[in-house]
Amino acid sequence: MIRIIAQLTLDGLAIGLIYALLASGFSMIMAISGILFIAYGEFYMLGAYILWGLMVPLKLPFSLSLCITVAVTALLGGLIYLAVFERMQGRKLFFLVSILAAIGIAMAMKQSALLLFGTESRGMPSLFNRIIEFCGLTLTLEKAVLILLSVATVTALHIFLRGTDMGRAMRAVSFNVEAAQLQGVNPKRVYLLTAMIGCGLAGFSGGVMAPVYALSPEMGMITLMILLVVMFAGIGSMAGALLSGLIVGIITSFGQYYIGTGVAQILLFTTIAVVLFFRPGGLFAETRDEML
Amino acid sequence: MTPAYRSLAFLLAVVGFILVPLILPNPYYLHLLILVGMNAVLAMSFILVFRTGLITIAIAAFWGIGAYTSALLTMRLGIPVWASFPISTAISAAVAYGVGTVIVKKGGFNFVILSLVFSFIVVLVFSTFKFFGGHVGIFNIPRPEGITLPFLGCLQFSSKVPYYYLMLVLVLLVILAYRAIYASWLGRAWRAIGLSPSLAESIGIDVFRYRLLAFVVGSCTCGLMGTFFAHYYRSLAPATFDPFKSLYVHLYALLGGIDSALLGPIVGSGILILVPEALRIAKEVEPVITGILLILLAIFLPGGIMGTILRMVNGLRGAKK
């Protein structure tokens, strides 16, 4: 009994870390640049497919493939930001218009993936072929790698945002752009870097989950789930995004085992709705009132 | 355009649409026009709610609720289709009232998120429980029963043509109803709320109740369209009603111009549904094109088509002076 719970928690941790990473990146883009980037899930999908493409047909080693994946998604994110969102920065209705553009990007990316890869999901052949056992729990090495790398990335992100100058600049922009500018922060650079880091995170999440779970062009649908996690946590609260991602992951893991996916998801959404009803800003919101 | 000209133009358009099946009997074109009509009404409903300051993502959800309700009423309870139309619209309105009382009060951003969550829950409920047919959905939904019209004899719903005219009637009904509401005290109250909720509150308009009313009206119109859809398509799958469909509807509204309540949605859905067909764009490539179109739209044409036309017209008027 305890073993099942522990195993489910471990699996939930893996799923939860992915959610946490995606929620952090999405929340970052939202809080700093003010863009509700609906296409975020597509970058996650892109990362997974790039890793697949590098490792399966091209047979590159995992570490190299992961680095390339992150680099490509980050660059693409930055390019898209420059091409599409930068010119919309000053306008009124920026929020609505950026959502429109993001939807367009998401549609184009998802359909391209469908055209290139077909509708079926695919898996990756096992990379390491080892299973770790401890305390009666089992983990494939791929999943262990996922967990370790994700924890490392989250920690690195945290250190970056708290400790480095650029990190503080980004947080300053998320509070108040004009005040940050008065302190000498270049908002253009911050926005660009946010886009790159955010999309790079999405690509990393996709790349790190590809060996563990299945890939499909529908993966981008996770965006709406991530949006909910972020709303649940409260925008701008990175710790909240992390925690909420983990909670959702663990609940999903337990729910799938004990109740069945459909009902579990319904319960999850209803819970989120109830929480949002009573704490509109999100559970961990920094301010007590609602956003906007 | 003076009101007289506008009414004339409207009448001519209606006559034109009535004549379409005689000029273009191709059932595929009729199908496309039916889709345009349905999506235009969905977009109009979205704008109706949007005008009071609420962005609903639950458009598709209520479209689905109307569809499933009518399908279940006619198939499980044996209620005739024509009776099911008003009943399922009423049921959609009731659900909208229930959901709205909970979420409209929250206002603003949180309303958007809660309507999104609601949409998710609706789709999940449809796909999980066997009562609604599960993932596979419901098939073989009955057609509307034949009706006898005074001069045309008995009209059976066996081809696309009667469905086309039914959709035309529904669209006209909605347009006339919305027009009347917008021009009434209710429409004025909504406009006040949309411009400034706090100011409206200060002159005595109960923002919450009026917003709730707008939400109910808009959502039950979507339910009405859903009812039509159920008996036209005759099979329902839960995936059709997911939040992404709502985003598409937002698109139609935005493309047409968010400020245009009735014509804009028709233009928007007309373009996005008919143009890909006209250009013979393959079904697979269409979303890519639509996506790119969206991006360009966002960058260059935030006012939508009607917005741009109106700006051009005003520009011309200004130049005349």
Side-chain angles (χ1 to χ4, degrees), chain A residues 36 38-39 42 80 83-88 91-115 221 223-225 227-228 230-232 235 260-274 276-277 279-282 290-292, chain B residues 50 55 57 99 102-103 105-130 134-135 238-239 242-244 247-248 250-251 253-255 258 282-304:
Chain A
L36 206 116
I38 303 275
E42 315 301 332
I80 287 185
V84 179
F85 293 100
E86 176 153 54
R87 57 186 76 212
M88 302 196 299
R91 298 197 202 149
K92 57 170 192 143
L93 282 192
F94 174 70
F95 188 62
L96 283 180
V97 171
S98 64
I99 297 180
L100 200 58
I103 297 175
I105 297 170
M107 286 173 70
M109 284 178 80
K110 171 170 166 182
Q111 199 62 25
S112 310
L114 274 171
L115 288 173
M221 293 301 275
T223 313
L224 292 175
M225 189 72 214
L227 180 61
L228 286 180
V230 169
M231 290 303 131
F232 181 66
I235 302 175
T261 321
V263 183
Q265 280 200 303
I266 296 180
L267 281 177
L268 182 65
F269 283 117
T270 318
T271 318
I272 295 182
V274 169
L276 280 177
F277 183 72
R279 290 268 280 177
E290 330 169 352
M291 157 111 176
L292 285 189
Chain B
F50 181 71
I55 302 180
I57 310 201
V99 174
V102 172
I103 65 179
K105 219 176 207 132
K106 291 288 147 175
F109 201 50
N110 302 289
F111 171 81
V112 180
I113 300 300
L114 286 170
S115 68
L116 175 63
V117 177
F118 173 68
S119 303
F120 262 137
I121 295 180
V122 166
V123 174
L124 278 175
V125 166
F126 286 156
S127 25
T128 316
F129 297 114
K130 281 292 175 289
H135 271 289
D242 69 3
F244 260 106
L247 290 181
Y248 263 92
H250 293 180
L251 231 158
L254 279 163
L255 177 59
I258 202 88
K283 265 272 153 87
E284 298 90 40
V285 186
E286 180 266 318
V288 181
I289 310 277
T290 312
I292 298 181
L293 235 167
L294 257 183
I295 301 175
L296 294 174
L297 183 72
I299 300 180
F300 298 113
L301 271 186

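Proteins come first, then strands; the chains are lettered A, B, ... in the order of their sequence lines, and each starts at number 1.
Rounded to the nearest 0.5 Å, atoms CG (B:L124) and CG (B:D242) are 10.5 Å apart. Atoms OG1 and CD1, on A:T270 and B:I121 in that order, are 4.0 Å from each other to the nearest 0.5 Å. Taking CZ of A:F232 as the reference point, atom CG of A:L227 lies at 13.5 Å (rounded to 0.5 Å). For the atom pair B:F111 CZ and B:L114 CG, the distance stands at 8.5 Å (nearest 0.5 Å). Atom CG in B:L254 sits 8.0 Å away from atom CD1 in A:I103 (nearest 0.5 Å). Here the straight-line distance linking atom CG of B:L116 with atom CZ of A:F269 works out to 8.0 Å at 0.5 Å rounding.
The shortest distance between side-chain heavy atoms of A:I80 and A:F85 falls below 4.5 Å.
Most heavy-atom pairs under 4.5 Å with chain B, from the set A:I105, A:L228, A:L224, A:I38: that is A:L224. When the candidates A:I272, A:L114, A:V84 are compared by the number of heavy-atom contacts under 4.5 Å with chain B, A:V84 comes out ahead. Ranking A:A102, A:A106, A:A101 against chain B, the residue ahead of the rest is A:A101, based on heavy-atom pairs under 4.5 Å.
Within the 4.5 angstrom heavy-atom criterion, no atom of B:L296 approaches chain A. Only the side chain of A:L36 comes within less than 4.5 Å of a heavy atom in chain B; its backbone stays farther off. At a 4.5 Å heavy-atom cutoff, the contact between A:A83 and chain B is made by backbone atoms alone. Heavy atoms closer than 4.5 Å to chain B are found nowhere in A:L268, neither backbone nor side chain. Proximity to chain B is limited to the side chain of A:M221, based on heavy atoms less than 4.5 angstrom apart. Proximity to chain A (any heavy atom under 4.5 Å) is restricted, for B:F244, to the side chain, taken from C-beta onward. Contacts between B:V102 and chain A at a heavy-atom distance below 4.5 Å involve backbone atoms as well as side-chain atoms. With a 4.5 Å cut-off on non-hydrogen atoms, A:I266 touches chain B through its backbone and its side chain both. Contact annotation for A:L115: only side-chain heavy atoms (C-beta onward) come within less than 4.5 Å of a heavy atom of chain B.
When atom types are taken as modelled, the side chain of B:S119 and the backbone of B:P243 share no donor-acceptor pair closer than 3.5 angstrom.
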